Amino acid sequence: MGAILTVTNLVKSFGGIAAVRDVSVNVEEGSISSIIGPNGAGKTTLFNLLTGIYKPDSGSIMFNGQSLVGKRPDQVNKAGMSRTFQNIRLFPSMTVIENVMVGMHSRLKISLFDAIVRTKKFYEQEAHVVEKAHRLLKFVGIDEHANEISRNLPYGDQRRIEVARALASDPKLVLLDEPTAGMNPQESTEAMNLFRKIRDELGVTVVLIEHDMRVVMGISEYIAVLDYGQKISEGTPNDVRNDPRVIEAYLGRRTTSTEAAQ
Amino acid sequence: MSDIVLHVENLHSYYGHIHALKGISVDVKKGEIVTLIGTNGAGKSTTLRTISGVLRPKRGTVTLKGQNITGMRPHEVAALGVSHVPEGRRIFPQLTVMENLDMGAWNVSDKKLIETRKEEVFTLFPRLRERINQLGGTLSGGEQQMLAIGRALMTRPEVLLLDEPSMGLAPVLVELIFDIIQKINKEQGTTILLVEQNALMALEIATRGYVLQTGEIVMNNDAKVLLKDERVRKAYLGEE
Amino acid sequence: AQDNVIKIASQTPLSGPQSVLGVSMRNAVELAIEQLSGPIEELGFKIEFVPYDDEAKPDKGTSNANLIVADESILVVIGHLNSGVALPASEVYNGSNLAMISPANTNPNITDRGYPTVSRVCGRDDLQGPTGAEFANQLGVKSVYVLHDTTAYGEGVARFFRQRAEELGITVLGFEGTEETANFDSLIQPILALNPEMVYFGGIYSQMGIFLSQARAQGFDGLFMGPDGTDSSEFAQLAGEAGVGTYYTSVAGPANIYPNAAQFIEDYKEKFGEPPQPFAAQAYDATAIALLGLQSAIEEAGGKPTREQVAKAIRAVTDYEGLTGTITFDANGDPEIGLYYVLQVVSADPAEWSNNELLATLEIPSPLTAAAAKEE
Amino acid sequence: MASTTITNAPNPNRRALLATGFALAYVVVAVLALILVDRNSLWYPLYNVFAYSMYVLSPILIISLPIPNPIKFGGLAILLLIVTPMLGIYNNSYMEIAVQICIFAGLALGLNIVVGFAGLLDLGYVAFFAVGAYLWAVFTSTSETVFKLNGWLVPGEMFWVFLVIGVFIAAFVGILLGLPVLRLRGDYLAIVTLGFGEVIRILARNANDPINITNGAQGLIGIGKPPVPDLLHGITNEAIRIMSLRVDNPGFVAQQLLFYLIAVGLLVLIIVISRRLEDSPIGRAWTAIREDEVAAKAMGVPLVRMKLAAFATGASFGGAIGVLYAAKQAFVDPTSFVLLQSIIILAMVIVGGMGSIRGVILGAIAMTLLNLHVLTNLSLQLNALRNVNFIVPIIDFPIRNWPNQLEPAKYQPLIFGLVLVLMMIFRPEGLMPAERRKLELKAEREESAGLDEQAAPQPKGDA
Amino acid sequence: MSTTATVQDRPVAPKANTLELVQQSWIYRFLLFPIGQMLIFIAGATILLTVIAYAIAIAFPAPNPNIDLVTQINRQLPGMIISGVSIGFVYSMIALGYTLVYGVLQFINFAHSELFMVGSATGFVVMKALEDNGVLKEWNPILMILFMLVCAMTVSGILAMLMERIAYRPLRGAPRLVPLITAIGISFFLIDFVRAGFAITRNEFNLTYPVRSLEMFATPVRVAIGETTVNVRTTSIMIIISAVIMLVILNYIVNGTKLGRGIRAVAQDQTMSGLLGVNVNLMISLTFLIGGAFGGAAGMLFGMNVGTITPYVGFLPGLKAFTAAVLGGIGNITGALLGGLTIGIVEAFLNGVLVYYPALGQRYTDILTFSVLILILIFRPTGILGKRVDEKV
Ligand SMILES: Nc1ncnc2c1ncn2[C@@H]1O[C@H](COP(=O)(O)OP(=O)(O)OP(=O)(O)O)[C@@H](O)[C@H]1O
Ligand SMILES: Nc1ncnc2c1ncn2[C@@H]1O[C@H](COP(=O)(O)OP(=O)(O)OP(=O)(O)O)[C@@H](O)[C@H]1O
Ligand SMILES: [Mg+2]
Ligand SMILES: [Mg+2]
């Protein structure tokens with residue numbers, strides 16, 4: 001399989017701060033990859049550039065054969081790249097299932113006319129939307145909360161809704177920004193299984209940002225390390241784990257050793 | 001029992017109809033590091049928020065050095081020597097690093113004292129010194145966490161409430177933060193109530209620990225004992 | 001139950017910025033009913049007064065109009081202050097044959113629609129504006145700057161002034177409208193720069209007084225003229241010394257010449273503790289005509305008349321000697337002969353307002369009357 | 001919508017029956033109260049305040065009944081299409097207020113799409129209303145505009161066509177305004193829309209020179225009305241005969257009735273469209289935008305297109321209502337389209353309950369009643385008491401001694417302002433909040449018992 | 001603590017040089033800089049607009065053959081600048097109230113224009129009382145203005161605090177549009193309350209400041225420039241001087257004192273401020289107090305300048321000031337200042353030029369002012385000084 005996403009020489013700075021400098025990454029189709037790096041290294045910024053929330057200063061983003069530079073977020077989503085957020089950003093007063101249904105927006109073909117006149121197409125599509133939303137909620141394991149207001153759900157479940165919502169647009173690639181932050185080890189294990197399932201059962205390529213080394217090392221096939229906006233290392237978990245620059249800038253000696261112990 | 005600084009008894013707190021705390025009782029002695037661990041949504045943050053007055057409990061009491069502080073407003077609690085570093089750091093994004101620290105010293109009027117304390121903070125976090133005039137909102141996550149802790153230390157609190165100080169931090173910073181927590185506790189004698197997802201590390205530095213589950217305390221013991229406890233290891237340390 | 005009750009309604013703004021005028025009109029109606037309903041009461045009817053507040057808003061006025069027509073015992077309406085309200089409301093009155101007499105709506109359209117129910121006792125903008133222009137011409141004014149308050153009234157009268165002024169060969173240096181009520185700096189700058197011999201302001205005293213005092217303070221020393229909206233002692237209060245020498249046209253007879261008017265002012269002050277405002281005298285006259293009409297309608301019908309009868313009777317009132325002149329309506333409801341006065345402010349003291357000097361009196365026939373005269 | 005929770009009463013059937021019985025009794029009492037009263041009695045105005053307000057609220061009551069839809073809507077149809085017209089013929093002022101309520105409810109629902117659904121604060125909504133009103137007015141007014149001078153006027157029959165044109169023109173204007181400014185956030189958008197509202201009004205006021213289009217401040221008079229079908233004349237005359245009323249001008253009453261029917265029809269259409277949009281992918285997208293713009297766009301919601309859709313839909317309602325308004329008033333001038341009007345419409349939306357269709361209608365009813373009915377009648381009552389020299393019992397206070405300066409009629413803005421403040425303090429979620437908002441607000445307010453938290457859920461980590 | 005060292009790998013900031021020392025000094029930060037900023041802005045704006053005005057005058061001669069536009073502009077220029085700047089400062093002072101409250105509570109206090117109105121009414125009451133007691137002519141005019149200012153500021157400031165306490169505090173945490181509606185309610189209420197108050201006690205509500213009886217204010221200062229004499233009202237000069245002084249003080253309070261820091265902190269995160277010991281409610285009350293006081297001061301100065309005010313006087317300046325606050329970047333104090341000046345000056349110039357084109361005229365000033373606003377917002381969606389926050393995701 002070839003690369004589904006190719007990022008070349010991406011640059012973005014805010015005022016004087018260069019958040020992303022000259023980053024190039026390749027993501028293989030059907031892989032699970034991670035981006036790690038110290039706080040403020042530019043990981044989230046990279047995601048924001050990919051999804052069109054920020055416009056890059058220079059560089060190119062080729063996704064699935066088309067360039068994403070200059071595309072609006074909704075166009076990126078339509079092109080098949082979807083994401084979650086580092087700080088959960090659900091639609092807090094919508095129900096769980098409505099959140100997922102919004103995620104399908106870019107796949108729907110409904111005009112004002114259809115909605116007002118209630119054409120046959122409208123009913124068919126709505127039925128399909130509901131059915132698919134339930135399927136996705138089952139997939140992430142929270143279908144029993146489908147009709148609850150999303151802000152009332154515990155944190156872990158909110159993360160799952162975000163994942164289900166990201167999957168709703170039938171993406172080819174999902175970007176997960178610190179999906180296990182604030183989870184305890186047991187919960188993050190469950191989360192890891194979910195990410196594998198996304199790849200294995202739905203065939204969606206997964207890219208995550210994580211600080212939890214257990215998760216990163218446990219499921220990634222490929223890891224890129226950013227520091228001060230630059231890529232300082234990449235490769236398999238093993239390569240990265242033993243790269244002295246990564247240990248120095250990011251892992252710290254103790255983490256490396258505790259993890260090795262497990 | 002005179003060495004009990006913070007005494008929480010049978011606390012009940014609500015979010016609307018959600019009964020988040022169902023009778024929590026916690027004691028913290030002077031100079032201790034006590035940690036609260038538990039699953040997501042167990043009510044750890046809620047406990048801290050109730051203590052510091054952000055939330056008003058429906059029932060129960062919070063006592064600080066023998067004084068009943070239940071239902072006091074946050075600034076009144078803060079004036080009594082309690083510093084709360086909430087979840088998510090809550091740096092003032094449009095204030096500079098320096099101003100953020102000044103905010104921490106709100107209740108201190110002695111200008112000299114403020115300067116010395118700032119020096120102490122900068123000694124702990126040299127990185128902050130480099131960024132004195134940067135706006136808080138543009139700091140990276142780790143820097144913000146340092147600033148949040150530094151800000152809380154500006155009053156020289158007797159009791160420091162820390163809510164998940166390691167969340168979202170790079171491993172190397174997690175270590176740093178834990179080191180600093182210990183250092184504050186040892187060198188300044190600050191009593192610390194620590195909430196953590198990273199139960200392993202928390203228990204390693206803590207004197208005692210409480211385990212919360214859906215708003216109730218299910219276990220309560222010396223940290224060393226909890227570390228060895230079968231259930232704790234399984235549920236919170238992620239061992240199979 | 002109370003078949004012997006006849007109600008007269010008034011509709012004017014009783015709240016909001018224009019309430020000063022509206023309340024004064026309402027008070028004058030009340031005073032007139034109190035003083036003049038004797039003859040009707042002798043006929044066994046009781047006159048009740050129901051004041052409505054149109055808030056100077058067309059919607060509110062129309063909706064009130066519907067409330068009014070729904071009350072069968074209301075046989076006459078005195079109102080409104082604003083032509084913008086009177087036009088839609090009178091559609092409703094006319095729909096139910098209810099007579100309206102307007103004390104203040106000088107807009108030509110009010111009567112030009114030819115409704116049998118709608119009459120007015122005041123003059124018309126298309127006559128009053130030109131009166132002002134004629135007078136300016138007599139004064140030998142060569143250049144004039146025209147302002148207005150962007151309301152139907154102010155702009156209307158200002159336009160007619162401008163039109164006539166141009167016909168008379170006076171140079172019109174500018175024509176501006178403003179909604180401003182406090183700070184006229186930006187209006188004054190160009191006037192100072194153009195230095196016209198006269199400024200004409202189509203509007204109401206509250207705006208004009210402030211404008212004039214500011215203009216004089218900044219060095220404007222030309223003549224100043226306004227329409228009947230100027231005619232309030234409050235103008236002297238607001239403009240102070242700056243107002244002395246101001247010319248204004250009016251359709252109400254000046255109090256110092258008409259003994260009736262002087263008496264009215266006295267009675268009004270006594271009852272309400274303040275001097276009457278512009279249009280109060282007209283409101284009094286309108287009510288008086290309404291009462292005359294009612295009286296003859298009752299006599300004719302031999303009992304409680306219908307609205308149609310009342311409207312007809314009101315139109316038939318001839319040579320009523322009022323505070324503001326002698327009124328006979330033409331077929332459209334305009335006074336056949338309008339009396340237009342030109343006055344000049346003599347003192348900055350509000351108490352001296354009734355001593356303002358009468359400079360000219362013009363008798364101008366209503367358009368209908370004029371046309372009829374031409375045919376003959 | 002999936003979110004609606006079903007009340008689990010012990011016996012829904014009995015409950016429904018009881019409620020229906022109550023509603024029926026309510027309506028009957030209200031109607032009887034309106035027709036049996038002696039209009040010349042001393043206390044009539046006060047009585048009228050209660051009786052008519054009670055009656056006007058009955059559609060909302062019926063809508064809220066837990067009974068099957070066909071019965072509910074049947075009842076509503078009878079109420080709106082038979083009972084209200086009869087009452088309106090019996091007493092014209094009832095019809096007038098009913099029409100005004102429909103007009104304002106329609107406007108409020110239009111604004112609700114923009115503010116309540118999509119969360120865009122629009123302070124110049126009245127502009128679209130003005131566009132519709134002037135559209136019909138310039139083409140039919142007898143004022144001396146270019147349209148009249150050039151013989152471009154259209155007959156009253158064209159009303160229906162213009163109703164449709166009004167929808168499109170207003171929508172077009174909405175898009176025109178929206179295109180450049182929709183990228184602005186919250187309050188920036190508010191000021192620009194406010195400015196736009198003023199621009200339209202100023203244009204209307206000044207477009208009489210050099211070419212007279214709108215007749216400026218003079219306003220346009222003699223605006224055309226849709227012709228009354230013979231059938232309606234017949235019905236009106238028949239109704240007048242049945243009730244043995246003395247009506248001076250039945251043609252006028254029939255005309256009013258026609259406006260009433262058009263207003264109700266338009267309102268029903270607007271409600272249906274609002275409902276259907278709310279419960280559709282478009283409505284969901286609006287909610288998503290309102291709650292979190294960034295997340296919405298990242299999830300594939302095209303912001304600009306969706307916001308434009310909201311603007312255009314809201315505007316089109318305003319346009320249609322504007323055409324009706326112009327025809328009904330027969331007079332249009334710029335003072336009907338001032339900023340205050342926009343604000344009052346916004347107040348209706350918020351007082352009723354943002355985003356809740358039923359609530360917004362209730363808000364419009366409440367505010368219109370307060371403005372046109374309650375305060376007016378209270379003043380009339382005082383006046384009536386004064387006329388008969390009523391002496392207040394117990395304290396022996398002759399009403400006549402009540403100072404002229406303290407007449408309630410003079411304090412309408414004061415009372416209105418006070419009512420607004422009190423309503424918001426005691427029911428910040430609105431009179432009948434949307435289910436969603438209710439939950440939202442409750443959570444927030446509970447939390448602010450201690451101290452005010454950020455509105456959004458706790459940020460978990462930042463940077 | 002071996003790890004501490006690894007984090008410290010960026011260069012330490014270089015030692016401050018003399019320029020920076022000057023920049024950090026009190027005088028520079030709180031006196032020279034803000035005043036300089038105002039002056040530069042005013043100068044820049046007027047020069048730009050003057051050039052535009054002449055360009056228009058030459059490119060499009062006035063249609064009226066009796067008028068030579070260039071001469072007209074020559075004559076009007078000083079007057080336009082002074083009236084633009086003075087009304088601009090009034091807008092600025094009102095706009096500050098909007099911006100301060102917005103900064104702290106994120107809502108538009110629509111009733112703020114009524115604080116302006118109450119200030120101007122208070123000024124009237126005080127001045128009238130002075131006149132009635134016969135001391136008006138005896139007091140030193142500066143002292144008198146100060147006294148009136150203090151009274152107006154106190155009344156409006158306290159009223160603002162009460163407003164917050166009664167009508168806004170119970171609504172904290174409610175959606176933002178809810179307090180907006182209460183604010184509108186309060187606005188209705190206050191206008192009518194003041195109207196009724198004066199109507200009952202004085203039988204009228206046109207309130208004429210007894211300025212005319214004072215020599216100093218009654219006659220304008222005549223300045224001869226070339227052959228044209230310009231009349232400058234003393235009250236306009238007074239507005240400008242007072243406004244500058246007050247704005248400098250405000251800048252100092254907000255950016256240079258602990259109180260100001262507290263207010264800014266509360267504006268950004270109320271909960272966190274509370275946790276650090278800040279009495280949030282007190283800070284909010286103080287914010288309203290300051291904003292209200294500024295509104296009141298603006299009202300009183302405006303009242304003296306125009307001579308007569310009514311309870312309805314707040315609406316237009318309030319609207320313009322609101323526009324100014326948004327134009328400058330709502331929540332930003334300097335922005336409010338510059339926004340107010342921009343609107344004032346632009347308006348004055350538009351009024352001065354449009355008047356000569358009968359097809360347009362001053363009635364289109366507002367439309368053009370709004371077009372300027374929209375244009376600026378299109379290019380700077382968060383106002384002149386508003387930070388372009390690409391929301392951090
Ligand atoms: N909108 C913005 N404006 C200014 N600076 C920004 C913005 N977004 C990001 N930055 C800066 O860019 C740098 C990279 O930030 P980014 O959020 O990408 O880091 P990260 O790698 O995701 O860190 P973390 O692990 O803490 O989330 C930081 O210094 C941050 O302050
Ligand atoms: N603002 C809120 N509104 C409503 N419910 C809330 C709110 N904050 C917390 N809760 C609920 O209260 C309960 C306890 O939450 P709390 O934040 O105290 O948990 P926690 O133990 O700190 O979990 P975490 O590890 O996720 O931080 C949870 O069920 C949560 O969903
Ligand atoms: Mg990040
Ligand atoms: Mg927590």
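Being a predicted model, the structure only gives us computed values, none of them experimental. So that the names make sense, note that chain A is the first sequence line, chain B the second, and so on, each numbered from 1.
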**Shortest non-hydrogen separation from E/Phe205 to C/Gly16 and the atoms involved** =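 Looks like CZ-O, 4.2 Å.
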
**Over all atoms of both residues, closest heavy-atom pair of E/Gln362 and C/Pro190** =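 Result for this residue pair: NE2-CG, 4.1 Å.
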
**Asked** If you check every heavy atom in residues 82-92 of chain E against those of chain C, which residues fall under 4.5 Å?
**Response**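 If one takes a 4.5 Å heavy-atom cut-off, the residues of residues 82-92 of chain E near chain C are E/Ser83, E/Ile87.
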
In Å, rounded to the nearest 0.5 Å, how long is the span from [atom1] of [X] to [atom2] of [Y]?
| X | Y | atom1 | atom2 | result |
| --- | --- | --- | --- | --- |
| C/Ile210 | E/Ile309 | CD1 | CD1 | 9.0 Å |
| C/Asn183 | E/Asn305 | CG | CG | 6.5 Å |
| C/Leu192 | E/Gln76 | CG | CD | 8.5 Å |

Is chain C contacted by the side chain of [X], its backbone, both, or neither, given a heavy-atom distance below 4.5 Å?
| X | answer |
| --- | --- |
| E/Phe315 | neither |
| E/Tyr356 | side chain |
| E/Val313 | side chain |
| E/Thr208 | side chain |

**Request:** Find the one option among C/Ala217, C/Gly174, C/Gly219, C/Gly177 whose heavy-atom pairs under 4.5 Å with chain E are most numerous.
**Result:**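 Counting heavy-atom pairs under 4.5 Å, the top option is C/Ala217.
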
Per-residue contact mode, [X] against chain E (heavy atom under 4.5 angstrom):
| X | answer |
| --- | --- |
| C/Val23 | neither |
| C/Ala239 | backbone |
| C/Ile188 | neither |

**Message:** Is the shortest side-chain heavy-atom distance between E/Asn206 and C/Glu234 below 4.5 Å?
**Reply:**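 Side-chain contact under 4.5 Å: yes.
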
**Message:** Do E/Leu316 and C/Glu180 have side chains that approach each other closer than 4.5 Å (heavy atoms only, starting at C-beta)?
**Reply:**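 Yes, their side chains come closer than 4.5 Å.
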
**Asked** Hey, which residues of residues 144-162 of chain C are touching chain E, say heavy atoms under 4.5 Å apart?
**Response**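 Result: C/Tyr145.
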
**Pairs touching residues 205-227 of chain C that satisfy side chain to side chain donor-acceptor pair (under 3.5 Å), sequence neighbours left out** =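 Listed by first then second residue: C/Asp185-C/Gln218.
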
**Item:** Listed once per pair and sorted, the side chain to side chain donor-acceptor pair (under 3.5 Å) pairs that draw on residues 186-203 of chain C, sequence neighbours left out
**Value:**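 Those involving residues 186-203 of chain C are C/Ser186-E/Asn351.
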
**Message:** Tell me whether the count of non-hydrogen atoms from other residues, nucleotides or ligands lying under 6.0 Å of CZ in E/Phe193 goes above 12.
**Reply:**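 12 or below, so no.
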
